[in-house]
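Scope of the values below: all heavy atoms of this structure, side chains included, with no hydrogens, waters or symmetry mates. One is the number of the first residue; the rest follow in order along the sequence.
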Amino acid sequence: MEALSNSLAAADIATTMHPYTNLRQHEKTGPVVISRGDGIRVYDEHGKEYIEGLAGLWSVAVGFSEKRLADAAYQQMLKLPYYHTFSSKAHEPSIRLAEKLVEMTPENLTRVFFTSSGSEANDTIVKMMWFMNNALGRPKKKKFLARTKGYHGITVASGSLTGLPINHRDFDLPAIPVRHLTCPHFYRFGAEGEDEAAFTARLLAELESVIAEEGADTIAAFIGEPLIAAGGVLPPPAGYWEGVEKICRANDIVLIADEVICGFGRLGTPFGCQKYGFTPDIMTLSKQITSSYMPLAAVVFSEAIYQAIADNTATIGNFGHGFTASGHPVATAVGLENLAIIEERDLIGNAARLEASFQAGIRSFSDHPLVGEARGTGLIGAVELVADKATKRPFAKAGRAGAIANVIGHEEGLIFRSIGDQLALCPPMIATEDDVKEIMTRMARTLERLTGAVAQEGLE
């Protein structure tokens, strides 16, 4: 350590605790230090080039080093670097971005509350639902319905909504009243002899059964990603979302679309709810709202919800919730410019146009001996690694094959997300047809090398 004391890697190991990291392993191997980005590529401190196949964390729509966003941040910092939105204070960037979000989202969504992250936004939604139902004289209507493998953040409330064991284990979560329903992934959770239509029907019957068991008068909301992303890129079966919406409407249950990853064009439509044909009462937005150049998120919600909350603030005197950076002027200025770029360059249309070649590339790996399923929608996809294709049997050491693939991918100059043994791709929305070809070429080399590595380690 002494000999490396001047290196960034040594300083990182000595001082930083990383999220989503095996910290003891990190102490041995150290970080990959990324020093710059350009377009869909990033470069480490040694100058090695990588295609950023996950757009950072599902989020850099306009690519890296977009000067217009840097200029927007700089100009706003010169004019008003910070101000809050507490106690009726406001500033132009947050006002204009709220207007823009209301314009872009489904017409029933008319109000905006800003936070700095999707986790904060989903925590805010939980509190909004509790606040609203207390105000409406429904003190029992506090439970949430979510899905196994769904991802909604990592703070106490949002982490409770998340349906992934690693986000619960040893954190004492869930810590709020939530029921996790069957994950809507036909490949993994379809029953033997069941077709996709029957699978959808079973999931909707389960939803109705849980509502009956818990009591509709105790359930505040149903939350779901239109396409589950961080849980493994899991598109829903046909008819699923239309059925969920119908059941929620029949039982007076608020429907929340967590659009943190799907939103702003990732699936080839402005929002994922439009891709799958349903209309939420609340949307959670983040990530691509600023292409993650600045931390920003938003809750966009219906007028009916706003009016119930507003009436209660008049009764008790305040809405006692908010963050120092809610509607931060620099973040919202960058968000406005980012959305302008997405519109001017037709990046949503680009994602729609690239869908056919991107999904064909993903599905070309279906015949690989280690790939059980290749799947995706729009400009997002994944391959699921298995020990046995015929039986869908996973590897005994869960996640090890994915971890090996991750190392090989870096060597091949491709960064993707290893979600256990699922390898996810979600490139910046500025990608071209040539970029898609190169991504698939590098993924093919990764999988070719992985076959030998898995055999050598005896994982089969």
Side-chain angles (χ1 to χ4, degrees), residues 18-20 34 36-42 50-66 68-70 72-73 97 101 104 114-122 151-154 158 162 225-233 257-272 283-300 325 328 330-343 345 347-348 350-351 354 358 376-382 414-419 424-431 435 439:
H18 286 257
Y20 283 91
I34 301 299
R36 66 184 182 92
D38 182 24
I40 71 163
R41 289 168 168 80
V42 295
Y50 307 84
I51 292 178
E52 223 318 337
L54 203 81
L57 278 175
W58 324 84
S59 55
V60 186
V62 303
F64 296 86
S65 299
E66 172 52 62
R68 281 176 58 177
L69 297 191
L97 183 57
L101 294 177
M104 291 181 72
F114 288 114
T115 72
S116 295
S117 71
S119 294
E120 288 179 351
N122 282 328
Y151 186 83
H152 304 292
I154 44 71
S158 66
T162 289
E225 303 153 90
L227 173 149
I228 292 175
V233 183
D258 187 330
E259 297 265 6
V260 168
I261 291 174
C262 296
F264 303 106
R266 174 55 55 187
L267 304 185
T269 53
F271 299 97
M283 289 173 59
T284 315
L285 305 174
S286 191
K287 292 190 184 289
Q288 294 194 147
I289 196 172
T290 65
S291 285
S292 288
Y293 278 49
M294 291 291 293
L296 183 66
V299 178
V300 189
H328 193 288
V330 179
T332 48
V334 170
L336 275 167
E337 189 68 10
N338 177 70
L339 296 184
I341 293 170
I342 288 174
E343 289 187 337
R345 299 179 187 171
L347 296 187
I348 297 174
N350 188 53
L354 287 178
F358 184 81
T377 303
L379 209 53
I380 184 171
L414 178 63
I415 296 174
F416 48 78
R417 179 79 178 271
S418 297
I419 305 168
L425 286 167
C426 177
M429 286 167 55
I430 60 167
D435 292 331
I439 288 168

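- Judged as a salt bridge (charged side-chain N to carboxylate O under 4.0 Å, His left out), and not counting sequence neighbours, Arg36 has no contacts.
- Applying the side-chain hydrogen bond (donor to acceptor under 3.5 Å, both in side chains) test to Tyr151 and every residue at least two apart in sequence or in another chain returns Tyr20.
- Remark: Leu347 CG to Met429 CE distance equals 5.0 Å, nearest 0.5 Å.
- For the pair Ala229 and Ile261, the tightest heavy-atom approach, listed with the atom from each and the gap, is CB-CD1, 3.4 Å.
- Every residue two or more places apart in sequence or in another chain that forms a side-chain hydrogen bond (donor to acceptor under 3.5 Å, both in side chains) with Thr377 is listed here: Tyr276.
- The two atoms that bring Ala351 and Gly265 nearest to each other are CB-O, 3.4 Å, heavy atoms only.
- Put simply, the side chain of Ser291 gets close to the backbone of Val62: a donor and an acceptor are under 3.5 Å apart.
- The structure places CG of Leu54 at 8.0 Å from OG of Ser59, a figure rounded to the nearest 0.5 Å.
- Taking 4.5 Å as the limit, some side-chain heavy atom of Trp58 sits within range of a side-chain heavy atom of Ile380.
- Between Thr290 and Met294, the shortest heavy-atom distance links the atoms OG1-O, 2.7 Å.
- Under a 3.5 Å cut-off, the side chain of Tyr293 and the backbone N or O of Ser65 do form a donor-acceptor pair.
- Nearest approach of Ala55 to Pro427, heavy atoms of both residues: CB-C, 3.8 Å.
- Considering all non-hydrogen atoms of both residues, Met283 and Leu285 come closest at CE-CD2, 3.8 Å.
- The CZ atom of Phe114 sits 4.0 Å away from atom CG of Leu97, with the distance rounded to the nearest 0.5 Å.
- Between the side chain of Asn338 and the backbone N or O of Leu69 there is no donor-acceptor pair closer than 3.5 Å.
- In terms of modelled atom types and a separation under 3.5 Å, the side chain of Ser116 and the main chain of Leu296 share no donor-acceptor contact.
- Nearest heavy-atom pair across Ala382 and Ala424 is CB-CA, 4.0 Å.
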_Test side-chain contact (heavy atoms from CB on, under 4.5 Å) on Arg345 and Asn350; report intermediate values, then the result._
CA-CA 8 Å; Arg345 299 179 187 171; Asn350 188 53; over 6 Å; no
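- Put simply, NE2 on His152 and OG on Ser158 are 9.5 Å apart, with the number rounded to the nearest 0.5 Å.
- By the 4.5 Å heavy-atom criterion applied to side chains, Ile439 and Leu414 are counted as neighbours.
- Note that CD1 of Ile51 is 10.0 Å distant from CD1 of Ile415, once rounded to the nearest 0.5 Å.
- Annotation: side chain of Ile289 is in contact with side chain of Leu101 (closest heavy-atom distance under 4.5 Å).
- Take Glu337 and apply the salt bridge (charged side-chain N to carboxylate O under 4.0 Å, His left out) test, not counting sequence neighbours, and it matches Arg68.
- Applying the side chain to side chain contact (heavy atoms under 4.5 Å, CB included) test to Asp435 and every residue at least two apart in sequence or in another chain returns Ile40, Arg41, Ala431, Thr432.
- A heavy-atom distance below 4.5 Å is found between the side chains of Phe264 and Met104.
- Checking side-chain atoms of Ser286 against main-chain N and O of Val260 turns up no donor-acceptor pair under 3.5 Å.
- Note that CG of Leu354 is 11.5 Å distant from CD1 of Ile430, once rounded to the nearest 0.5 Å.
- Legend: side chain to side chain donor-acceptor pair (under 3.5 Å) pairs involving residues 259-270, not counting sequence neighbours, sorted by first then second residue: Arg266-Gln288.
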